[in-house]
> 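Take a look at the following structure, please.
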Amino acid sequence: MRFISTRGKTPPVDLGTAVREGLAPDGGLYFPERLPHFSAETLEALCGAPTSRVALAIARAFLDEVPAAELGALVADSLDFPLPLVSVGDDVHVFELFHGPTLAFKDVGARFLARLLGRLTSLDRSETPLTILVATSGDTGGAVAHAFYGVAGTSVVVLYPDGQVSPLQEKQFTTLGGNVRAVAVQGTFDDCQRLVKTAFGDPVLGEQIRLTSANSISLGRLLPQVLYYFIAWTALDSRTDAPTVVVPSGNFGNLSAGLIAKRTGLPIGRFVAATNSNDTVPRFLRDGVFDPRPSVRTISNAMDVGNPSNLERIVHLYDGDVAALRRDVVSTSSDDSTTRDAIRVVHDRFGYVLDPHTAVGWAGLAEARAHGEVAGPAILLATAHPAKFRSEVERVIEAEVALPTALAANLDKPSHAVRIPPEPARLAELLVQVKKR
Ligand SMILES: *Cc1c(COP(=O)(O)O)cnc(C)c1O
């Protein structure tokens, strides 16, 4: 399979090029040139099969460049943790994607990307390691750092705003060491993003190091996310009704993957794209006008995105037809107080603890059902473990949330981070140093 740009001004490229480049030269996002199709019989035959077999059957159609045996290992490694589907309340199946090393669904995409890039670098036989540069406001840094930790031929540099990341999140990328470097930037998250952009645009730096990104537009993060929609569907007890799928959304990478799964034949009803107060997409579906706004802070902070970058992929998939998109997607917006209510109600009624991001999804589903926009069984993607947002959740449910052992152990390890002012020259210096180590 080859990959094209959503802006159509780049000739089709192979998987390696698309994954290494991140963004296409014309500024667009990479997208499969032609989508595969899975027949009802193919899907039926996968029902009840082990996760790894389902994932591999789907992955092969997208990643035919990778030899089957290697792809099997790649997929198994990326999904190397349980993916339970838990029934909660009225026909809701909570799909827990948060049992990976950093307790968020981003582990799936980041691990796949890391292994894919590791494989590509070993094929290159290049002496120069690949430097993965990523800016984080919290969740991405941990997932990417853990995913690349110990992957031969790669080193990771995580930029984060000094003092503005929760201690628990910070520990996830500052305690690893090895090929992972944490850089505390004396500035804001926007400063971090600006530094990353400047580094990628710096031709002198580009001659000295091989730089690649791992942000949410990366095709290497998108493709593995398509797989778990198939995993959830084949794990349902009953598939007589096409289920609604609820996706707590920020940058809309996860929803892009779900819509691709539907287009390739997975019998999903409608999607509920649940946002917090950052409601650019609900407004876009309502008015047909894309009007991004600066992000506002909420308790589901990994979804605080005012200008969702993956929307371009979705519009491309629907060929710009907003009416068709509206038929497949209902988009909701819930504020913090509604989110807290969802956490409280689900805990009190069903004894199940939602993290704030998944709670935005719960609230969105309730709203869409109340308006008659969706009906029947629903799969709710649970994107983070409630312990990751423990203090907020504990305040709401007035009960303790246990820390998983891996997370607790992390808190005792010493942090290592270099502190720099938000100056491109300082980052460039550091990047060249990292390469020499
Ligand atoms: C990143 C993230 C999201 C949003 O996912 P997108 O693919 O960016 O829409 C939702 N929940 C959690 C916990 C996240 O870390």
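Basis for what follows: all heavy atoms, side chains included, without hydrogens, waters or symmetry-related copies. Numbering of ligands and ligand atoms starts at 1, following listing order.
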> Roughly how far, to the nearest 0.5 Å, is OG of S300 from CG of L354?
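Spacing of CG (L354) from OG (S300) equals 12.0 Å.
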> Identify the protein atoms, limited to N or O, that lie within less than 3.5 Å of an N or O atom of ligand 1, and list each pair with its distance to 0.1 Å.
from	atom 1	to	atom 2	distance (Å)
ligand 1	7 (O)	G253	N	3.2
ligand 1	7 (O)	N254	N	2.9
ligand 1	8 (O)	N251	N	2.8
ligand 1	9 (O)	G250	N	2.8
ligand 1	9 (O)	N251	N	3.2
ligand 1	9 (O)	F252	N	2.9
ligand 1	11 (N)	T383	OG1	2.8
ligand 1	15 (O)	K106	NZ	2.5
ligand 1	15 (O)	D139	OD2	2.9

> When you check the gap from the basic side-chain N to the acidic O, do R111 and D107 get nearer than 4.0 Å?
no
> Sort and list the pairs that fulfil ring-ring contact (aromatic ring centres under 6.0 Å, His included) and have at least one residue in residues 292-318, not counting sequence neighbours.
F31-H316
> Yes or no on side-chain hydrogen bond (donor to acceptor under 3.5 Å, both in side chains) for T358 and D355, after CA distance, side-chain angles and deciding distance?
CA-CA 5 Å; T358 311; D355 95 283; 2.5 Å; yes
> What residue pairs, at least two apart or across chains, pass salt bridge (charged side-chain N to carboxylate O under 4.0 Å, His left out) with a residue in residues 151-167?
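Matches after skipping sequence neighbours: D162-R419.
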> What pairs with F148 under ring pair (Phe, Tyr, Trp, His ring centres under 6.0 Å), at least two apart in sequence or on another chain?
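Not a single residue meets the ring pair (Phe, Tyr, Trp, His ring centres under 6.0 Å) criterion with F148.
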